[in-house]
Number of protein chains: 2
Amino acid sequence: MATSARQGPYFCGIDAAMDVVSGKWKSLILWELHEHGTRRFAELRRGLPGVSEKMLVQHLREMEEDGLVDREVYPVVPPKVEYSLTEHGVSLNAALESLAVWGRERIERIGADKITVEVA
Amino acid sequence: MATSARQGPYFCGIDAAMDVVSGKWKSLILWELHEHGTRRFAELRRGLPGVSEKMLVQHLREMEEDGLVDREVYPVVPPKVEYSLTEHGVSLNAALESLAVWGRERIERIGADKITVEVA
DNA sequence: CGAGGTGCTCACCTCCGGGTGAGTACCGCA
DNA sequence: TGCGGTACTCACCCGGAGGTGAGCACCTCG
């Protein structure tokens, strides 16, 4: 899935969007990038407690293929790669905002625990 | 997962919402119910080509637990069960609308096939 | 001189979401 | 009489998403 375009036939717009967001960390990556603008690999890893490096790379690669994130590699001696949102990534985030609002209301309703991420 | 409240700790509102929509057919069920109002089990099954009965039941039960759908059983001789959206289901659908718009734009961009469901 | 950080890749394994197919209790229709 | 429809449940299996841990090439800091 990571190396091939997904583009499966869709029933409606929803699953076309879901396809792009499906993946345990996709939406969180989107959110991180939205909050902080440009981030390096290790910064993202630290910002998403619990993510494995493999999954981070994999999801970032998929999101790059989907045209959601930009990946800029600096050929310096200690490797440096910067990730940022493309315009499509930004607009997807905007579309997710109303979902986020609904989710927050749901959290209130059911009284679930919420992890508050410490922003270093 | 079907029989226990999911309520896991969430990073943010998005995954609280995603939790509720995660499942291959959840968003489509939501859409069906939104389009047609009240639907019977077999009507939903026919409206979602490719869904297995087990998955339909399972998803409907989860969505009932999550307070998204109402399930009304008529104790008549040929079994009759009607499903409809609760207010939370309706509001979730509204929140998904902007996602759907984004998804439709993405379909345009990548030129993916789209399954057009014939509404009988 | 070694530990640790940077951005990965690779191999392996586990778990569970989802599919398949059968069974059920009752009815109407041909 | 038996087939098909209604609304399920149950048992089983498979594939893939996701986790674990190692390795790598190079550098800097203690």
Side-chain angles (χ1 to χ4, degrees), chain A residues 1-8 11 15 18-29 32-33 38-66 69-84 120, chain B residues 1-6 8-9 11 15 18-29 32-33 38-66 69-84 120:
Chain A
M1 184 205 274
T3 50
S4 64
R6 292 202 289 323
Q7 309 183 357
F11 286 99
D15 52 339
M18 293 296 290
D19 187 17
V20 144
V21 186
S22 71
K24 197 170 177 183
W25 305 95
K26 291 275 186 75
S27 55
L28 282 325
I29 293 174
E32 266 296 292
L33 252 21
T38 297
R39 298 226 92 183
R40 300 188 56 181
F41 184 84
E43 288 174 335
L44 281 172
R45 200 197 333 147
R46 280 190 291 265
L48 308 178
V51 73
S52 65
E53 300 198 348
K54 178 195 135 194
M55 289 316 300
L56 227 202
V57 177
Q58 189 174 308
H59 281 164
L60 283 170
R61 288 287 148 82
E62 289 181 23
M63 294 167 75
E64 192 193 352
E65 279 178 36
D66 289 333
V69 303
D70 260 337
R71 175 189 150 88
E72 189 145 3
V73 183
Y74 298 86
V76 292
V77 187
K80 179 176 177 180
V81 183
E82 281 185 350
Y83 295 93
S84 56
Chain B
M1 185 203 275
T3 49
S4 63
R6 293 205 287 323
F11 286 99
D15 52 339
M18 292 297 289
D19 187 17
V20 144
V21 185
S22 71
K24 195 170 177 181
W25 306 94
K26 293 274 186 75
S27 55
L28 283 324
I29 293 174
E32 266 295 293
L33 253 19
T38 297
R39 299 227 92 184
R40 299 188 55 179
F41 184 83
E43 287 173 335
L44 281 173
R45 199 197 334 145
R46 281 189 290 266
L48 308 178
V51 72
S52 65
E53 299 198 349
K54 178 196 137 194
M55 288 318 299
L56 228 202
V57 178
Q58 188 173 307
H59 281 165
L60 284 169
R61 288 287 148 82
E62 289 180 23
M63 292 167 76
E64 192 192 353
E65 280 179 36
D66 289 334
V69 303
D70 260 338
R71 175 189 150 89
E72 188 144 4
V73 183
Y74 298 86
V76 292
V77 186
K80 178 175 176 181
V81 183
E82 281 185 350
Y83 296 93
S84 55

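Proteins get letters first, then strands, A, B, ... in listed order; numbering begins at 1 in each.
Put simply, OH on Tyr83(B) is 13 Å from P on dT6(D), counting in whole angstrom units. Between the CG atom of Leu44(A) and the C1' atom of dT6(C) there is a distance of 14 Å, given to the nearest Å. Rounded to a whole Å, the CD atom of Gln58(A) is 10 Å from the C1' atom of dG16(D). Atoms CZ (Arg61(A)) and P (dA17(D)) sit 17 Å apart, rounded to a whole Å. Counting to the nearest Å, the C1' atom of dA7(D) and the CD atom of Glu72(B) are 16 Å from each other. Residue Arg71(A) contributes atom CZ, which lies 10 Å from atom P of dG7(C) at whole-angstrom precision. The distance between atom CG of Leu56(A) and atom P of dA17(D), rounded to the nearest whole Å, is 17 Å. Distance, Glu62(A) CD to dC8(C) P: 15 Å, rounded to whole Å.
Of all heavy-atom pairs between Phe41(A) and Glu53(A), the closest is CZ-O, 4.1 Å. Taking all atoms of both residues into account, the shortest heavy-atom contact from Pro75(A) to Val73(A) is CD-O, 3.6 Å. Annotation for Ser84(B) and Thr38(B): closest pair CB-OG1, 3.6 Å, computed over non-hydrogen atoms. The minimum heavy-atom distance linking Leu60(A) with Val69(A) is given by the pair O-CG2, 3.8 Å.
Within 4.0 Å of Tyr74(B), counting heavy atoms only, lies no atom of the nucleic acid at all.
An OP1 or OP2 oxygen of dA7(D) is reached within less than 4.0 angstrom by no side-chain nitrogen or oxygen of Arg46(B). A close approach under 4.0 Å does not occur between any side-chain nitrogen or oxygen of Arg45(A) and OP1 or OP2 of dC8(C). Listed pair Arg40(B) / dA7(D) meets the phosphate criterion, a side-chain N or O lying under 4.0 Å from OP1 or OP2. Listed pair His59(B) / dG18(C) meets the phosphate criterion, a side-chain N or O lying under 4.0 Å from OP1 or OP2.
With sequence neighbours excluded, no residue forms a salt bridge (charged side-chain N to carboxylate O under 4.0 Å, His left out) with Arg40(B). Scanning for side-chain hydrogen bond (donor to acceptor under 3.5 Å, both in side chains) contacts around Glu82(B) gives Tyr74(B), with sequence neighbours left out.
Just one residue in the list Arg71(B), Arg39(B), Glu64(B) forms a side chain to side chain donor-acceptor pair (under 3.5 Å) with Tyr83(B), and that residue is Arg71(B).
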- Note on the structure: In 5'-to-3' order, the base (B), backbone-only (S) or no-contact (-) status of each nucleotide in nucleotides 20-30 of chain C, using a 4.0 angstrom heavy-atom cut-off, is B-----SS---
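Closest contact between the side chain of Lys24(B) and the listed nucleotides dG18(D), dG18(C), dT6(C) involves dG18(C).
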